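Working notes for the structure below.
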Number of protein chains: 2
Amino acid sequence: MPGEMQGRLTIQDIARLAGVSKATVSRVLNRNPSVDPVLGERVMRVVQEYNFVPNITATVLAGGRTQLIGVLAPPLNWPAMPEIMRGVAEYLEDSPYEIVLYCIGNQRNHADVLNRILAMRMISGLLAIFPGGLARQLVAHFQQGLPLVMIDDQEEPAGTPWVGIDNLVSAYEATKHLLECGHTRIAHIQGPASYHCAAERYQGYCQALHDASITPDSNLLFHGNFKQSGGCHCASLLFARDRSTWPTAIFISNDEMAYGFLEVAQEQGVSIPEDIAVVGFDDYIISAHTSPPLTTIRQPFTDIGRTAIDLLLTMIDRKNEKQPPKNGRQTSGGAPTQDYFADPPCIQLATTLVQRASSRVLNQQPISSP
Amino acid sequence: MPGEMQGRLTIQDIARLAGVSKATVSRVLNRNPSVDPVLGERVMRVVQEYNFVPNITATVLAGGRTQLIGVLAPPLNWPAMPEIMRGVAEYLEDSPYEIVLYCIGNQRNHADVLNRILAMRMISGLLAIFPGGLARQLVAHFQQGLPLVMIDDQEEPAGTPWVGIDNLVSAYEATKHLLECGHTRIAHIQGPASYHCAAERYQGYCQALHDASITPDSNLLFHGNFKQSGGCHCASLLFARDRSTWPTAIFISNDEMAYGFLEVAQEQGVSIPEDIAVVGFDDYIISAHTSPPLTTIRQPFTDIGRTAIDLLLTMIDRKNEKQPPKNGRQTSGGAPTQDYFADPPCIQLATTLVQRASSRVLNQQPISSP
DNA sequence: TTGTAGGCGTTATCAC
DNA sequence: GTGATAACGCCTACAA
């Protein structure tokens with residue numbers, strides 16, 4: 001069996017084996033159309049026979065394309081990350097690109113990390129997931145020509161290509177669901193002010209109430225932190241009130257807080273959904289297993305990841321096409337005028353309401369909707 | 001502010017700026033002790049002022065070290081992956097290494113992927129997580145000198161450094177817990193035969209019974225597939241039997257099957273733990289939220305990831321030390337005799353039993369253990 | 001269409 | 001201790 005010590009060979013070896021020059025081998029490898037099909041066939045046969053794979057470092061150094069895309073991400077055990085990364089990885093698996101993963105915890109100097117990443121000039125594009133404080137810096141790099149796509153729920157999308165959901169509409173749907181179940185006193189646990197998505201979800205909640213001719217009651221608005229502890233806290237506050245003042249339903253701005261809410265409800269003997277119906281937001285994997293299972297807005301995280309990478313690869317391709325192959329140092333003075341850079345797209349994917357037991361008693365036959 | 005267009009500079013530029021040759025800059029960057037401290041200081045100042053980071057591709061091409069370690073992994077939404085990757089990423093964050101992530105789904109030709117990875121000669125070591133069918137091939141590469149660590153529960157650890165847990169002892173503890181709760185008729189749902197860990201867990205179960213002078217009852221042994229569906233299936237089989245023949249407890253070989261078991265139990269009105277106490281294995285994140293919460297063996301996934309990377313980096317360092325810096329083609333004929341390669345370590349981390357409501361009614365005061 | 005030659009940025013081997 | 005200089009493997013004008 002040939003091809004054992006694969007990799008030790010260089011383009012030069014292949015050239016000798018195929019009886020051509022290394023320039024030709026390079027052209028074949030890069031699908032340069034100017035090469036004679038017959039010759040190309042011969043070269044490819046040798047390449048395959050010996051399982052030759054070009055040394056990527058040499059390729060990049062010589063001005064070739066990287067085939068490496070960077071993913072800047074928070075710790076992968078954040079609830080949404082596994083699904084997002086699944087979309088990313090699945091898409092990339094069918095491409096010639098590989099992932100360089102930069103997980104940033106909370107310790108190190110993030111700005112430094114980012115600089116190192118880019119200065120190494122190893123990646124040809126960057127997917128930034130929940131970049132937190134790095135957002136501003138990323139915008140700057142994007143504007144300097146770095147293909148970049150952002151997945152974020154904290155900053156308002158602006159300045160860079162962005163993939164996410166429509167929080168307002170989604171929250172509207174969540175609230176509408178509770179209204180349709182017959183509730184009129186609907187509480188809300190808000191996310192922290194630093195999250196743009198939290199504000200949008202609150203707006204959607206208010207608008208749904210307005211459209212049902214209900215004035216939001218500020219006594220039914222709670223302020224959470226997007227964590228389980230926040231849900232516990234708000235639940236305690238609520239359950240400590242006189243029972244006659246309780247709402248009959250609550251829309252909670254994310255699932256994690258809902259878990260806390262359900263936990264405290266169970267501890268204190270509050271029946272869900274009989275006493276209070278609950279709707280969350282996100283549909284993390286746990287939400288199907290809570291007691292009772294949580295009705296929530298499903299974010300299509302896998303699709304978000306997939307879509308973001310698709311967009312990023314498109315941007316990289318565009319850039320490669322439009323740029324003079326080499327030494328094309330486009331010096332200062334003019335704003336780049338390419339599609340994606342001039343007018344960064346903002347893609348919003350559809351969410352879906354997932355009805356489970358926390359918002360109503362499930363019955364076998366679907367509700368007739370005339 | 002200097003250091004804006006960081007990265008555009010080369011070692012040559014720094015050399016000019018510092019008034020030395022690029023050779024000296026390179027030496028300074030690589031902490032070569034032969035350089036004059038004063039000069040070194042001067043160079044470093046320039047490096048920092050301009051935020052210079054070497055072009056990694058050039059470094060590698062010239063025979064330097066990669067600073068890139070490969071992680072071969074299944075889809076990241078597999079239940080154990082987020083925690084493992086957290087350990088990996090956290091550890092690597094404090095090192096000069098970056099992660100190249102190769103997620104392999106079920107579609108593509110895995111062997112090809114692996115060959116490409118290695119032939120690109122981009123990574124200086126590989127962490128293989130649940131490699132499935134690739135295990136054999138990986139052993140071969142390890143034996144040819146690739147620093148490699150395996151995290152796997154399918155094949156028996158052999159031939160490569162390996163990090164995991166002691167399944168037999170852990171299953172023994174799980175079963176012992178049920179025995180200590182007073183159960184004597186304890187069933188077991190086994191994992192599939194293709195998983196070495198499943199066999200070990202079954203052995204641990206049997207041994208615990210033996211040590212309690214109980215003969216395992218083959219009627220109480222069920223065969224699962226490590227998936228939720230398997231748990232559902234076995235639960236259905238069990239609950240269809242005459243109630244007088246039921247066990248009072250069951251040890252299920254992994255949590256996913258336990259979820260299915262709990263689900264069917266709830267559907268059919270079987271009380272957990274009153275009718276049947278349940279203990280799982282893994283402690284995935286969902287297990288704390290099931291109804292009732294699941295007693296289970298906690299695998300220290302994050303520690304496993306951390307430990308594996310620690311081991312891998314040590315191997316890489318060892319290799320770099322022992323090897324002549326360049327052109328040290330150690331040709332065939334002799335087995336490598338370095339520590340880790342001659343005698344690959346097999347590290348087993350401790351598990352813990354997490355007691356929740358599925359195995360007994362929780363009471364406030366801890367059980368006194370004299 | 002194909003081959004030749006120069007260069008990408010760094011490391012390592014020499015002399016000095 | 002320091003500075004030239006030859007690799008490293010590939011890409012791409014340019015010449016043939």
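Here the structure is a predicted model, which is why all the values come from computation and not from measurement. In what follows, chains are A, B, ... by sequence order, proteins preceding strands, each numbered from 1.
In this structure a side-chain-to-backbone donor-acceptor pair under 3.5 Å is present from T314(B) to D310(B).
Comparing G40(A) and V25(B), the nucleotide of DNA chain C nearest to each residue sits closer to the 5' end for G40(A). Nucleotides of DNA chain D nearest to L61(B) and R27(B) differ in position, and the one nearer the 5' end is that of R27(B).
The phosphate of dG3(C) (OP1 or OP2) has a side-chain N or O of T24(A) nearer than 4.0 angstrom. Applying the 4.0 Å criterion to OP1 and OP2 of dT4(C), one finds that S21(A) has every side-chain N and O outside that range. Contact check, N30(B) against dT11(C): a side-chain N or O comes under 4.0 Å of OP1 or OP2.
Ranking dC10(D), dT12(D), dT10(C) by closeness to the A58(A) side chain, first place goes to dC10(D). Closest to the side chain of P54(B), from the set dT10(C), dT12(D), dG6(C), is dT10(C). The side chain of K22(B) has dT11(C) as its nearest neighbour among dG1(D), dC10(D), dT11(C). For V35(B), counting side-chain heavy atoms from C-beta on, the closest listed nucleotide (dA7(D), dC10(D), dT2(D)) is dT2(D). When distances are taken from the side chain of D36(A) to each of dT10(C), dT2(C), dG9(D), the shortest belongs to dT2(C).
For D36(B), there are no salt bridge (Lys or Arg N to Asp or Glu O under 4.0 Å) partners at least two apart in sequence or on another chain. R136(B) is linked by a salt bridge (Lys or Arg N to Asp or Glu O under 4.0 Å) to nothing, counting only residues two or more places apart in sequence or in another chain.
As rounded to whole Å, 16 Å separates atom P of dT10(C) from atom CG of N55(A).
One finds the CD1 atom of I309(B) at 8.0 Å from the CE atom of M85(B) (value rounded to the nearest 0.5 Å).
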Worked check of salt bridge (Lys or Arg N to Asp or Glu O under 4.0 Å) between R86(B) and E90(B): CA-CA 6 Å; R86(B) 181 177 151 224; E90(B) 279 182 3; 3.0 Å; yes

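Counting non-hydrogen atoms under 4.0 angstrom, L39(A) reaches the backbone sugars and phosphates but no base.
A rotation axis mapping the C1' atoms of four pairs onto the next four is fitted at both ends of the helix from dT1(C)-dA16(D) to dC16(C)-dG1(D) over five pairs, and the angle between these axes is 40° to 10 degrees.
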